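Here is the structure we will look at.
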Amino acid sequence: MERSPKAPVMPAMRCFVTGAAGFIGSSLVDRLLAAGHSVVGYDNLSTGQRRFLQGASASPRFELVEADLLGDDLLRSSIAGCDIVFHLAANADVRFGTHHPFRDLEQNTIATYNLLEAMRASGIKRIAFSSTGSVYGESTLFPTPENAPFPVQTSLYGNSKVAAEGLISSYCEGFGFQGFIFRFVSILGERYTHGHVLDFYRKLLADPSRLEVLGNGRQRKSYLYVQDCIDAMLLAIERATGRVNIFNLGQDEYCEVNQSIGWICERLALKPQLAYTGGDRGWVGDNPFIFLDCSRMRALGWTPKKSIQTSVIATLEYLIANPWVMEARP
Ligand SMILES: NC(=O)c1ccc[n+]([C@@H]2O[C@H](COP(=O)([O-])OP(=O)(O)OC[C@H]3O[C@@H](n4cnc5c(N)ncnc54)[C@H](O)[C@@H]3O)[C@@H](O)[C@H]2O)c1
């Protein structure tokens, strides 16, 4: 279910979108095109899907550069002439960080440095960045505001995003950039390719009678629908005027993993036996409780439209209707 095109609220821009073929990036590309902007998408298709860009590719205002942020020849030539950068490319998988300790540093931090340098070389000064609520590590303050302290990192992913945020704010101070840093909770919706809904659905397809649950199922998480996330990003770049603008993006509610399992099983009409692996977290670096204070973004006039439950079901419906996604991301 795509949102209907909206009339442009900003003057038409030439936008550079890294991670354009990804779950959130491709959804953003469609929204930017629908709002009358031009888009240069940049993606190495490591986890992105060309199929997500089928609609965009029909537009004369869209082009895809299939290249890596870690090699900068094409980066510097393709970014030239753009007005703003939306930086979504990353290794977005938090869970397996300790399996390959260099990956988050390389894909999330060094890639961001390369991008900032390419922007600097071309005189582009506005960047919107997809960070994460994982930067707060295990906060003791709930809902967690943007100015909560986060002295201890619990995942290599969160650490790599903190470092990228630091680079962006340093470029804002040092080179007069304007930065928009968005700390997302987990995002749900159409084109979802990784996360708990897909994991549970995949397991239930393999064995409808039993469901393995990482941890004790009592983990409390907040989720946000992808179009609500994009609404916030577009509103913030239009209205926020600071040099470094940091926004939490999430819902004003959270759910237990067990509740989400209940919604998924109800939709699938299944009653599997739940097999908990135990402990209060799913994996090393998993946060047992994520709940962000999003009042700063709400003060700009943003209201998310879909509840967590509706978003979980929309995600599941998408996966049911698009079984190819399960094969594309083994
Ligand atoms: N999905 C979530 O729940 C969530 C939550 C918090 C933050 N984020 C952040 O949002 C962004 C988008 O996440 P997503 O869920 O759409 O992930 P995704 O994996 O679907 O998209 C990432 C895209 O970046 C591309 N990419 C990766 N490395 C690249 C490189 N070196 N050069 C060029 N392209 C590269 C991939 O091919 C892919 O298309 C990421 O930065 C992620 O960390 C996502």
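The model shown is predicted, which means the values in this text are computed figures rather than measured ones. Remember, it's 1-based here, ligands and their atoms both numbered in the order they're listed. Residue numbers run from 1 in the order of the sequence given.
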Nearest-neighbour protein heavy atom for atom 23 (C) of ligand 1, which is reported as residue plus atom name and distance: Gly19 CA, 3.5 Å
Atoms of ligand 1, numbered as shown, that sit under 4.0 Å from any heavy atom of Ala92: 13 (O), 17 (O), 42 (C), 43 (O)
Partner set under side chain to side chain contact (heavy atoms under 4.5 Å, CB included) for Ser295, not counting sequence neighbours: Asp293
Proximity flag Ala21 to ligand 1, non-hydrogen atoms under 4.0 Å: yes
Residue part near ligand 1, for Ala67, under 4.0 Å between non-hydrogen atoms: backbone
Proximity flag Ser134 to ligand 1, non-hydrogen atoms under 4.0 Å: no
Top protein contact for atom 30 (C) of ligand 1, by heavy-atom distance: Asn44 ND2, 3.2 Å
contact_flag Arg183 ligand 1 heavy-atom lt 4.0 Å: no
Heavy-atom gap Val185 to ligand 1 smaller than 4.0 Å: yes
Where ligand 1 meets Gly48 - atom numbers and elements under 4.0 angstrom, heavy-atom basis: 36 (C), 37 (O), 38 (C), 39 (O)
Where Ser311 and Leu188 come nearest, the two heavy atoms and their spacing: CB-CD1, 3.7 Å
Polar contact flag for Ala111 and ligand 1 (N/O pairs, less than 3.5 Å): no
From Gln107, Lys161, His87, residue fulfilling side chain to side chain donor-acceptor pair (under 3.5 Å) relative to Thr112: His87
Contact partition for Gln49 relative to ligand 1, non-hydrogen atoms under 4.0 Å: neither
Asp207 with Arg202: basic N within carboxylate O range, under 4.0 Å: no
Lys/Arg-Asp/Glu bridge criterion (N-O < 4.0 Å) met for Arg103, Glu106: no
Best match, Glu66, Arg103, Lys161: closest heavy atom to atom 41 (O) of ligand 1: Lys161
Atom 32 (N) of ligand 1 - nearest protein heavy atom and its distance: Leu69 N, 2.9 Å
Heavy atom of the protein closest to atom 20 (O) of ligand 1 (residue, atom name, distance): Phe23 N, 2.9 Å
Charged N-O contact under 4.0 Å between Asp252 and Arg298: yes
Enumerated ligand 1 atoms positioned under 4.0 Å from heavy atoms of Ser131: 6 (C), 7 (C)
Full working for ring pair (Phe, Tyr, Trp, His ring centres under 6.0 Å) between Tyr254 and Phe291: CA-CA 6 Å; Tyr254 57 84; Phe291 181 36; 5.0 Å; yes
Taking atom 21 (O) of ligand 1 as the reference point, the nearest protein heavy atom with its distance: Gly22 CA, 3.5 Å
NZ/NE/NH1/NH2 to OD/OE distance under 4.0 Å, Arg14 and Glu63: yes
Option nearest atom 12 (C) of ligand 1 (shortest heavy-atom distance, choices Asp104, Leu249, Leu88): Leu88
Non-hydrogen atoms of Ala148 and Leu141 that approach each other most closely: CB-CD2, 4.1 Å
Closest heavy-atom pair and its distance - Asp280, Pro288: O-CB, 3.5 Å
Proximity flag Glu106 to ligand 1, non-hydrogen atoms under 4.0 Å: no
Min N/O separation Gly25 to ligand 1 under 3.5 Å: no
Stepwise salt bridge (Lys or Arg N to Asp or Glu O under 4.0 Å) test for Glu317 and Arg267: CA-CA 9 Å; Glu317 297 294 354; Arg267 166 61 185 84; 2.6 Å; yes
Ligand 1-proximal atoms of His87, by part, heavy-atom distance under 4.0 Å: neither
Nearest candidate to atom 42 (C) of ligand 1, where distance is taken over non-hydrogen atoms, out of Phe129, Tyr42, Tyr157: Tyr157
Closest protein heavy atom (residue, atom, distance) for atom 18 (P) of ligand 1: Thr47 OG1, 3.8 Å
Minimum-distance pair of heavy atoms, taken over all atoms of Arg76 and Ser122: O-OG, 4.1 Å
Check: Phe184 N/O within less than 3.5 Å of ligand 1 N/O: no
Protein contact of atom 3 (O) of ligand 1 - nearest heavy atom, named by residue and atom, plus distance: Ile187 N, 2.8 Å
Atoms in ligand 1 flagged as close to Asp68, the criterion being non-hydrogen separation under 4.0 Å: 30 (C), 31 (N), 32 (N)
Student check: side-chain heavy atoms of Glu66 and Leu45 closer than 4.5 Å: yes
Distance from atom 44 (C) of ligand 1 to nearest protein heavy atom, with residue and atom: Ile24 CD1, 3.7 Å
Heavy-atom closest pair, residues Ser222 and Gln251: OG-O, 3.3 Å
Side chain, backbone, both or neither: Leu45 near ligand 1, heavy atoms under 4.0 Å: backbone
Ring-face cation of Arg220 near Phe289 (centre distance under 6.0 Å, axis angle within 45°): yes
Side chain to side chain contact (heavy atoms under 4.5 Å, CB included) against Cys172, all qualifying residues, sequence neighbours excluded: Ile168, Phe177, Arg243, Val244
Gly195 to ligand 1, any heavy atom closer than 4.0 Å: no
Aromatic ring pairing Phe52/Tyr318, orientation class (parallel under 30°, perpendicular over 60°, tilted between): tilted
Part of Ala89 with heavy atoms under 4.0 Å of ligand 1, whether side chain, backbone, both or neither: both
Proximal ligand 1 atoms for His194, defined as those under 4.0 Å from one of its heavy atoms: 1 (N), 14 (P), 15 (O), 17 (O)
Heteroatom distance test (Ser186, ligand 1): nitrogen or oxygen, under 3.5 angstrom: no
Min heavy-atom dist Asp43 to ligand 1 below 4.0 Å: yes
Salt bridge flag under 4.0 Å for residues Glu212 and Lys203: yes
Sub-4.0 Å atoms of ligand 1 with respect to non-hydrogen atoms of Gln107: 28 (N), 29 (C), 30 (C), 31 (N)
contact_flag Tyr192 ligand 1 heavy-atom lt 4.0 Å: no
Evaluation steps, ring pair (Phe, Tyr, Trp, His ring centres under 6.0 Å), between Tyr42 and Phe16: CA-CA 7 Å; Tyr42 194 92; Phe16 192 79; 5.5 Å; yes
